[in-house]
Amino acid sequence: MRTKDLVAIRDLHIDEVFEIFEESRRIKDYTKRGMPFKPLEGKTLGMMFSKSSTRTRVSFEVGMYQLGGYPMYLDIKKSMQMGRGETVHDTGKVLSRYLDGIMIRTFAHDDVVQLAKYSSIPVINGLTDLFHPCQILADIFTLTEKYRIIGGLTVAFVGDGNNVANSWLFGAAKTGINLNIVTPKGYECDTKLVEEAREIGKATGCTIKTFNDPIEGVKGVDVIYTDVWASMGQEDEAAKRIKEFEGYQINSKLVSHANKDYKVMHCLPAHRGEEITDEVIDDEAHSIVFDEAENRLHVQKGILYLLMGEFKA
Ligand code: CP
Ligand code: NVA
C-alpha cells in the first residue's frame, strides 16, 4: 500500500482496494486452515472509541491478537485526555511515540483526518459521521466470494444517505459495481460526493444512480443493502425518521422487485422490524448478512497487515 492511512476509500488507489482483498483472502485462508500468521508480533494498535461498537471493536481486537500484536482499547470520553479537551494534534504526536497504529471511531470526520496528519503511524477510520470504509471493504470482499465477477453487479443501498451509503459510493466507484442510492426526500447523500464518485467510476465503468422511489430503486438489482435509519448520534430523530422512512423497509414485498437470485446485506446492528424484517434478514437463501459480519475480521487483518507489517518500515 502506498498510503500511510485508511481514512476513506476515496483516498485509496483502485489497485490498493484489490490488494486489500487479495491479502485478506490469503490471511482468511490461513485462519480457516488453523495456520498461525503473526507478522505483527511486538506491535501495538491503539483502538480509540467515542461511539459504541460490537463488530468493529471485537474484530479489530481479535484480528490484532491473531496477527501476533497487542490491541489496546481506549475510551475517548471516559478515559482519554482528548475527552477533556486535549487536542487531536497533541494526541496524535504522543501516541505515535508509543504505538504502531491507531484505529479510531468518532463523530467528526475531520478529527480522523487531523489525527492521520499529525501521527507518524498508520491511522484507520473505524467509522465517522461521514464514512465507514472498513465496513464497505468487508462488504465488497464478501461479494467477491459470492460472485465470480463483481464488476457490473448492481447494488441498491436503501435507507439513509449516511456514512455507510457515502462509503458505498466510493467502494462501488473503485470496483466497478453499479450503485443505486435509494433514499426518502431530504435524506439523500451529498450531491458533491455523488458527483465525485461518478467521476471516479468512469475509470471502472460503473453507474451511480439516485432514487426516491424504493420500488424503482431495487428493480432488477443483484444486491439490496440497508442500514439503520437513525445512526449513532441521531437517536433523538429516531421516531421522526420511522415515519419518514415508511416504504423503505426491506421486506418480502420490496425484495420481490429485485433479480430473482438477489442477495441481502446489512452492516449491522439492525433494528429488526424497522429498516428490515426478520423474514428477510434470516432468509438463508438470500441473506449474506452474517458472512459479511465475519469478513470484517478477515478484511481488517488484511488492512492491519498491509499498513503495519514489517515491509512498511
Ligand atoms: N457494522 C459495525 O460497524 O458494527 P459495530 O457498530 O458493532 O462496530
Ligand atoms: N450508520 C450507522 C452504522 C453503524 C455501524 C451508524 O453510524 O450508527
Side-chain angles (χ1 to χ4, degrees), residues 6-9 24 45 47-64 71 73-77 102-112 124-143 155 157-171 181-184 187-190 193 224-242 244-245 248-250 264-272 274-276 281 287-301 303-304:
L6 173 51
V7 172
I9 297 178
S24 304
L45 177 76
M47 309 196 309
M48 299 169 59
F49 282 90
S50 52
K51 285 177 174 173
S52 303
S53 172
T54 296
R55 280 143 289 271
T56 305
R57 181 194 170 166
V58 176
S59 56
F60 265 105
E61 193 159 334
V62 169
M64 195 59 194
Y73 178 76
L74 299 161
D75 186 317
I76 296 176
K77 271 182 280 183
I102 297 173
M103 191 285 302
I104 176 168
R105 164 170 289 196
T106 193
F107 293 89
H109 186 72
D110 194 52
D111 282 354
V112 179
I124 301 170
N125 178 359
L127 180 147
T128 63
D129 289 345
L130 191 67
F131 290 126
H132 194 2
C134 295
Q135 177 68 54
I136 279 58
L137 288 169
D139 296 339
I140 299 178
F141 176 79
T142 307
L143 293 179
V155 172
F157 179 98
V158 184
D160 184 24
N162 62 15
N163 44 8
V164 172
N166 289 340
S167 283
W168 256 107
L169 287 172
F170 294 95
I181 297 278
V182 190
T183 66
Y187 292 95
E188 292 91 351
C189 292
D190 185 334
L193 293 180
I224 301 185
Y225 193 107
T226 193
D227 181 17
V228 291
W229 292 337
S231 286
M232 289 179 277
Q234 298 173 332
E235 288 79 5
D236 294 353
E237 296 176 32
K240 173 176 151 242
R241 284 172 178 248
I242 287 175
E244 297 185 349
F245 283 74
Y248 292 82
Q249 183 187 65
I250 309 304
V264 168
M265 301 181 84
H266 191 311
C267 57
L268 302 176
H271 285 182
R272 286 168 173 256
E274 288 183 22
E275 75 277 1
I276 194 161
I281 200 170
S287 171
I288 55 169
V289 164
F290 298 104
D291 293 334
E292 176 189 0
E294 177 185 332
N295 280 332
R296 291 293 304 279
L297 170 67
H298 305 299
V299 173
Q300 282 156 200
K301 284 170 75 181
I303 293 166
L304 289 167

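What you see is a predicted model, and the numbers here were worked out from it, not measured in a lab. All ligand and atom numbering here is 1-based and tracks the order in the structure.
- The ligand atoms of ligand 1 that sit less than 4.0 angstrom from a heavy atom of C267 are 1 (N).
- N163 contributes a side-chain N or O that, together with a main-chain N or O of T128, makes up a donor-acceptor pair within less than 3.5 Å.
- Ring geometry, Y225 versus W168: the interplanar angle exceeds 60°, so the pair is classed perpendicular (tilted spans 30 to 60°).
- For W229 and F245, the distance between ring centers is under 6.0 angstrom.
- Counting heavy atoms under 4.0 Å from ligand 1, residue K51 does not touch it at all.
- Annotation for ligand 1: atoms under 4.0 Å from non-hydrogen atoms of T54 are 5 (P), 7 (O), 8 (O).
- At least one N/O-N/O distance between S231 and ligand 2 falls below 3.5 Å.
- For ligand 2, the polar-atom distance check against N163 finds a nitrogen or oxygen pair separated by under 3.5 Å.
- Residue, atom and distance of the protein heavy atom nearest to atom 8 (O) of ligand 2 are M232 N, 2.8 Å.
- For a threshold of 3.5 Å applied to N or O pairs, the pair formed by R296 and ligand 1 contains at least one separation below that value.
- Atoms of ligand 2 lying under 4.0 Å from at least one heavy atom of L127, given by number and element, are 3 (C), 4 (C), 5 (C), 7 (O).
- Taking every non-hydrogen atom of L268 and a distance limit under 4.0 Å, the qualifying atoms of ligand 2 come out as 5 (C).
- Here L268 has backbone heavy atoms under 4.0 Å from ligand 1, and that is the only part of it that gets that close.
- Side-chain polar atoms of T226 and E275 form no donor-acceptor pair below 3.5 angstrom.
- In this structure, G63 and L304 approach most closely via the heavy-atom pair C-CD1, 4.5 Å.
- For atom 6 (O) of ligand 1, the closest non-hydrogen atom of the protein is R105 NH1, 2.8 Å.
- A donor-acceptor pair under 3.5 Å is formed between the side chain of N162 and the backbone N or O of A165.
- Closest protein heavy atom to atom 4 (O) of ligand 1: R55 NE, 2.8 Å.
- Donor-acceptor pairing under 3.5 Å is lacking for the side chains of D111 and T106.
- The D227 neighbourhood of ligand 2 comprises atoms 1 (N), 2 (C), 3 (C), with distances under 4.0 Å to a heavy atom of that residue.
- With a 4.5 Å cut-off on side-chain heavy atoms, M103 and L45 count as touching.
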Just do the salt bridge (charged side-chain N to carboxylate O under 4.0 Å, His left out) check on K51 and D129 with the steps written out, would you? CA-CA 11 Å; K51 285 177 174 173; D129 289 345; 2.6 Å; yes
